[in-house]
Amino acid sequence: MGWASAYIRKLRAGETVSFRPRGHSMKGRIESGQLCTVTPVDLSTLKVGDIVLCKVAGSEYLHIVKAIEGGRFQIGNNRGRINGWVGGSCIFGKCVRIQD
């Protein structure tokens, strides 16, 4: 279980969640401790630049969709790091609001 497991369970149940992620990998888009609201996602609406709650290689991230190829999504942070490619089953929600 990772830091986002409880939020992922709620998103899978159709609930909207809010939390304050910590860290600097999304600096410039999300500052450490800002309140993020994440809703369940319709994968067909995702586009490059969207921020998603996802799991890549076993780690949970609130990171950016960097590329879309068929049914796969490339995930990365806002500092130039690419986490990797995932299928839609590894994307649990989309960040729709960021506030202090």
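All heavy atoms count here, side chains included; hydrogens, waters and symmetry mates do not.
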TODO: State which residues pass side-chain hydrogen bond (donor to acceptor under 3.5 Å, both in side chains) with Thr16; sequence neighbours excluded, sorted by chain then number.
DONE: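 Thr16: no side-chain hydrogen bond (donor to acceptor under 3.5 Å, both in side chains) contacts found.
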- [ ] Return the set of residues passing side-chain hydrogen bond (donor to acceptor under 3.5 Å, both in side chains) with Lys27 (not counting sequence neighbours), or none when no residue passes.
- [x]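 side-chain hydrogen bond (donor to acceptor under 3.5 Å, both in side chains) check on Lys27 returns Glu31.
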Determine the minimum heavy-atom distance between [X] and [Y], stating which atoms define it.
{"X": "Val65", "Y": "Lys47", "answer": "CB-O, 3.8 Å"}
{"X": "Val17", "Y": "Lys10", "answer": "CG1-CB, 3.6 Å"}
{"X": "Leu46", "Y": "Ile68", "answer": "O-CD1, 3.5 Å"}

Task: Single-linkage hydrophobic cluster Leu35~Ile30, side-chain heavy atoms < 4.5 angstrom - done: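 In one cluster with Leu35: Ile30, no.
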Open item on the list: Quick one about Ser25 and His63 (side-chain donor to acceptor, distance below 3.5 Å, no hydrogens or angles considered), yes or no?
Closed with: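 There is such a pair (donor and acceptor under 3.5 Å, judged by atom type) between the side chains of His63 and Ser25.
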Task: Qualifying residues under ring pair (Phe, Tyr, Trp, His ring centres under 6.0 Å), relative to Phe92, sequence neighbours excluded - done: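 If we apply the ring pair (Phe, Tyr, Trp, His ring centres under 6.0 Å) test to Phe92, skipping adjacent residues, there are no hits.
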Open item on the list: According to side-chain contact (heavy atoms from CB on, under 4.5 Å), who are the partners of Ala67, at least two apart in sequence or on a separate chain?
Closed with: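 Counting only residues at least two positions away or on another chain, Ala67 forms a side-chain contact (heavy atoms from CB on, under 4.5 Å) with Gln74, Trp85.
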Taking distance alone, no hydrogens or angles, what donor-acceptor pairs closer than 3.5 Å link side-chain atoms of residues 93-100 to residues at least two apart or in another chain?
{"from": "Arg97", "atom 1": "NE", "to": "Gln99", "atom 2": "OE1", "distance (Å)": "3.2"}
{"from": "Asp100", "atom 1": "OD1", "to": "Gln34", "atom 2": "NE2", "distance (Å)": "2.9"}

- [ ] Output all residues satisfying salt bridge (charged side-chain N to carboxylate O under 4.0 Å, His left out) with Arg12, sequence neighbours left out; order by chain, then residue number.
- [x]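 If we apply the salt bridge (charged side-chain N to carboxylate O under 4.0 Å, His left out) test to Arg12, skipping adjacent residues, there are no hits.
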Task: Test log, rule side-chain contact (heavy atoms from CB on, under 4.5 Å), inputs Leu62 and Cys36 - done: CA-CA 9 Å; Leu62 186 65; Cys36 297; 3.9 Å; yes
Open item on the list: Using modelled atom types and a 3.5 Å cut-off, is there a donor and acceptor pairing between side-chain atoms of Ser32 and backbone atoms of Arg22?
Closed with: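 Judged by distance alone, no pair lies under 3.5 Å.
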Open item on the list: Can a donor-acceptor pair be found, under 3.5 Å and without considering hydrogens, that links the side chain of Lys66 to the backbone of Phe73?
Closed with: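 Checking the backbone N and O of Phe73 against the side chain of Lys66, no donor-acceptor pair under 3.5 Å is found.
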